[in-house]
Amino acid sequence: MKKMWKVAASAVLAVSLLAGCGNTGTNTGSAGEDAGVSEGGAAKSVTLKMFIAQPRFKEQYDSYIADFTKKIKEEKNIDLKVQLEMPNPDNAPQILKTRLASNDAPDIFGLHAINEIPSFYKAGYLEDLSDQPFVGKLMDSVKPAVTIDDKVVAVPLETLSWGYLYNKQIFTDLGLTPPTTLSEMKAVVEKLKQNDVTPFLLSYKESWIPQLFLPLAAGAMINTENTDFINRMNKDEGSFSEMKSMFEIIDLVNANGTDRALETGGDDGAAAFAQGKAAMWIQGPWYAETILASNPDFEFGVAPLPINDNPDATLINLSVSTSLAVSPSSSNKEVAIDFINYILDDEASNNFFQSVKFNPLATVHTYESYPWVNDATEYVKAGKSYQDPSIPQAVKDEVGKALQSYFAGQMSQDEVLQALDKSWRDYNKVNK
Amino acid sequence: MLQSGYKKYMSLLAFVGPAFILYFIFLMLPTLGGMYYSITDWNGLNRDYEFIGFGNFVEALREDPDFIKSLLFTMKYVIVMVVLQNVFALFLAVLIESKMRSKGFFRTIFFMPNMISMIISAFIWTFVFTQVLPQLAQMTSLLSFLDQSWLGDPNISFFSIILVSLWNGVGYMMIIYLAGLQGVPQSLKEAAIIDGANPFQSFFHITLPMITHAITICLFLTLNGAFKVFDTVYGLTGGGPGRSTQVITMNIYEEAFSNNFRYGYASAKSVILFVIILIFTFIQVSVMKKREVES
C-alpha cells in the first residue's frame with residue numbers, strides 16, 4: 001500500500017513537472033514573439049499556424065513552406081514562423097473541430113472538399129477566397145468542388161478520378177477492353193469466366209469499400225437522367241427507390257467475385273489484386289502504392305463503371321479531397337492568403353504537386369503523371385466525368401453497412417433503399 | 001479530540017487530494033459535460049446549440065432500432081461473457097492451485113494474453129481467423145470444420161468475438177480467484193476431509209463460500225467490462241457485416257464521430273449506457289455482498 005502511494009505521488013509530481021515545463025515553454029515562445037514585434041521597423045514577425053493532416057508528406061510541406069518563408073521575407077520583409085501541425089488523418093477531423101469550437105482555429109487548415117466544406121461553411125469557419133488570383137488557375141472540372149454559394153472557399157490539393165481498377169495484363173491477354181455499357185460488362189464477365197479468371201475482387205470487410213458503389217452508381221444517374229436527385233433528397237422529396245437499378249451492377253459484381261468478401265480488407269484486397277487473383281476491383285487508384293508495393297511490375301488501369309446500357313452514363317468520378325482553407329478569425333489573414341495563393345504559384349507549385357504525387361489540377365501544372373492517372377484524365381478530358389455528388393457522410397456510412405448486410409443476405413434490396421432514405425431524412429432533420 | 005479529528009481529515013485530504021484533483025479534472029468534468037450535452041442538439045462543430053430536454057433520450061429508446069438492436073446484442077454478449085469468463089477463470093484457478101509444481105508457469109501462461117493490448121490481440125486473431133484457420137482446414141480433411149467464415153458470417157462471428165474476449169480476459173480474473181483461493185484456511189478443508197466430504201462437496205460448501213468476496217469483485221469487473229466492450233469488436237469485425245455485431249459503445253461512437261456528428265444525441269446514449277451499468281452493478285454488488293462470509 002505504501003509503495004502504491006509512492007508511485008502515485010511520483011506520478012503526480014511527474015505530471016506537475018511536465019505541466020510546469022509546458023507553461024514555461026509557451027511563455028518563452030510568446031516572449032520571443034513580442035521581442036520580434038517590438039524591434040519594429042526592420043522586419044515584422046508573424047506566426048502562422050497550419051493544420052494539415054498529411055504526415056506522410058511532412059518533408060515536402062516543410063520544404064515548400066521554407067520556400068514560401070524565404071519569398072515573403074524578400075517581398076514583404078516579414079519574418080514568418082510557421083507552426084505546422086500534422087496529426088494522424090484518422091483523428092484529425094476531431095482535433096480540428098475541437099480547435100474550431102474552442103475558438104483556437106489554426107490560420108490555415110486542411111479539410112475534405114466534398115464531405116466537410118458544406119458543414120464548415122455553414123458554421124462560418126471558412127474565409128471567402130473568391131477574388132484571389134489562384135481561382136483563375138483552377139481547372140474548370142475541379143472548381144465546383146471548392147465552391148459553395150458561388151464563393152470559392154478553399155484551394156484544392158488532392159483530386160481523385162476513379163471508377164474501378166482493372167488488370168491490364170489480363171485484359172490484353174484476353175483481348176478485352178473496358179466495357180462501356182452494362183451488357184458489354186456482362187459479356188466481359190462471361191469471357192473472363194470462360195478463361196477461369198475471377199472477374200471481380202471483393203473486399204467488403206471495411207464498410208467504406210462497398211460504399212463506393214453509391215457515388216459511382218448514383219453519381220452516374222444524377223448526371224444523366226436524375227439531375228435534381230440531391231436537391232430533392234435534401235428537401236425530403238426524393239427516394240432512393242429511384243436508384244433501384246443500381247443493384248443490377250452490384251448484383252453482377254457480387255455474383256462474380258472472389259470468396260470471403262466480408263473478411264477481406266482493403267490492404268488484403270490490394271495484395272490479392274496485385275497477384276492477379278481477379279481481373280477487376282471496384283476501388284480507386286488511391287491504393288496504387290499498396291498494390292505496387294506487393295507487385296512492383298503490376299500494370300493496372302482506371303476505367304468508368306457502367307451502370308446501365310446508356311454509354312453516356314459510364315463516367316469517371318472526379319472528386320476533390322484535401323483542400324486548404326483560411327480561418328476568418330485569423331489575425332494574420334493576409335499572410336495566410338498569400339500562402340494559399342502560393343500553393344498554385346506559377347513556378348513553385350509544379351514541383352510541389354509532383355513531389356507529393358497529387359494529380360494536376362490547375363493550368364500551372366505541366367508535369368507528367370502516372371499511367372493510371374493518365375487513363376482517368378483522358379476520360380475526364382473527353383467530358384466523361386462528373387463531380388462527386390455531395391451525399392451526406394451519414395448516408396455514405398449507411399450504404400456501406402447496408403451493402404455488407406445485403407451481401408451477407410441479411411437485407412433485401414428494398415430494405416437497403418429504405419435504410420438509405422431514413423438516414424438521409426435523419427440527416428436533413430439534424431442539419432435543417 | 002477535535003484536534004485529532006481535524007488532523008485526520010487533513011491527512012486524508014493530503015493523500016486523496018492530488019489524485020482527486022486529477023480525477024475531477026480529467027474524468028468528472030468531462031462526464032458532467034457529457035451529461036450536459038445530452039440534453040442539447042449540439043453537433044460538435046457549431047458554436048450555438050439548443051436545449052431539447054429529454055428529446056434525445058426519447059428518440060434513442062423509441063425511434064432508433066439500431067440502438068435497441070445493439071443494446072440487445074450487448075446484453076447477449078454480457079450474459080455469455082459474465083458466465084463463461086468467471087466459470088473458466090475459477091476452473092483454471094482451482095486447477096492451478098491444486099498443482100504444486102508448475103504453478104508459476106501456468107499462471108504466467110494464462111495471464112499473458114491479458115498483457116497484450118486488446119486491439120493488438122484483435123488484429124492477431126483477425127489474422128488467425130482469416131488466414132491460419134482456413135489454411136489449416138485445407139491441409140487435412142480432419143480439420144475441415146475450421147473452414148468457416150469466422151468473421152464474415154454474423155452467426156459465427158459472435159462466437160469468434162466471445163472466444164477472443166475470453167482468451168484475453170480470463171487470465172486477469174484467474175489471478176483474483178487464485179488470490180482468493182489462497183486465503184481459504186487450510187484447517188477448514190482438512191476438517192471437511194476428516195468429516196468425509198468428497199472434493200466436490202468440499203469445493204461447493206467450503207471453498208466457494210469462502211471466496212465470495214473474490215466472486216463479487218470478478219462479477220463486478222466482468223459485468224462492467226462486458227457492457228463497455230469496444231476494442232475487441234472494433235478490431236475483429238468492426239461491427240459488421242452491416243450492423244450485425246455492433247455493440248452499444250460502437251453505436252455511440254458511430255453516432256458521435258461518423259454519422260451525422262450528433263454529439264448531443266450520442267451523449268444521451270452514453271448516459272443511458274451509464275444508467276444501465278449503474279443499475280446492473282448496483283443489484284449485483286448488493287446481492288453478492290449479502291452472501292459474503294467472514295472466515
>> Under 4.5 Å from any heavy atom of chain A, what part of Phe129(B) do you find: side chain, backbone, both or neither?
In response: backbone
>> Are Lys205(A) and Thr126(B) packed together at the side-chain level, in the sense that at least one heavy-atom pair is separated by less than 4.5 angstrom?
In response: yes
>> I need the Leu262(A) CG to Thr130(B) OG1 distance, nearest 0.5 Å.
In response: 12.5 Å
> Is it the backbone or the side chain of Gln94(A) that comes under 4.5 Å from a heavy atom of chain B, or both, or neither?
Replying inline: side chain
> Can you tell me if CE on Met35(B) sees more than 12 non-hydrogen neighbours from other groups inside 6.0 Å?
Replying inline: yes
> What is the minimum heavy-atom distance between Gln410(A) and Pro154(B), and which atoms define it?
Replying inline: NE2-CG, 3.1 Å
>> If you count heavy atoms of other groups shown closer than 6.0 angstrom to CD of Gln182(B), is the number above 12?
In response: yes
> Around Tyr234(B), counting heavy atoms of other residues, nucleotides and ligands shown, do more than 12 lie under 6.0 Å from its OH?
Replying inline: no
>> Report which part of Lys422(A) has an atom under 4.5 Å of a heavy atom belonging to chain B: side chain, backbone, both, or neither.
In response: side chain
> By a 4.5 Å heavy-atom criterion (distance strictly below it), what part of Asp426(A) contacts chain B: side chain, backbone, both, or neither?
Replying inline: both
> Does CZ in Phe51(B) sit with more than 12 non-hydrogen atoms of other residues, nucleotides or ligands closer than 6.0 Å?
Replying inline: yes
> If we only count heavy atoms from C-beta on, is the Arg243(B) to Glu398(A) side-chain gap below 4.5 Å?
Replying inline: yes
> Looking at OG1 of Thr237(B) and CD of Gln404(A), how far apart are the two atoms once the value is rounded to the nearest 0.5 Å?
Replying inline: 9.0 Å
>> Can you tell me if Phe57(B) has over 12 outside heavy atoms packed within less than 6.0 Å of its CZ?
In response: yes
> Around Tyr287(A), counting heavy atoms of other residues, nucleotides and ligands shown, do more than 12 lie under 6.0 Å from its OH?
Replying inline: yes
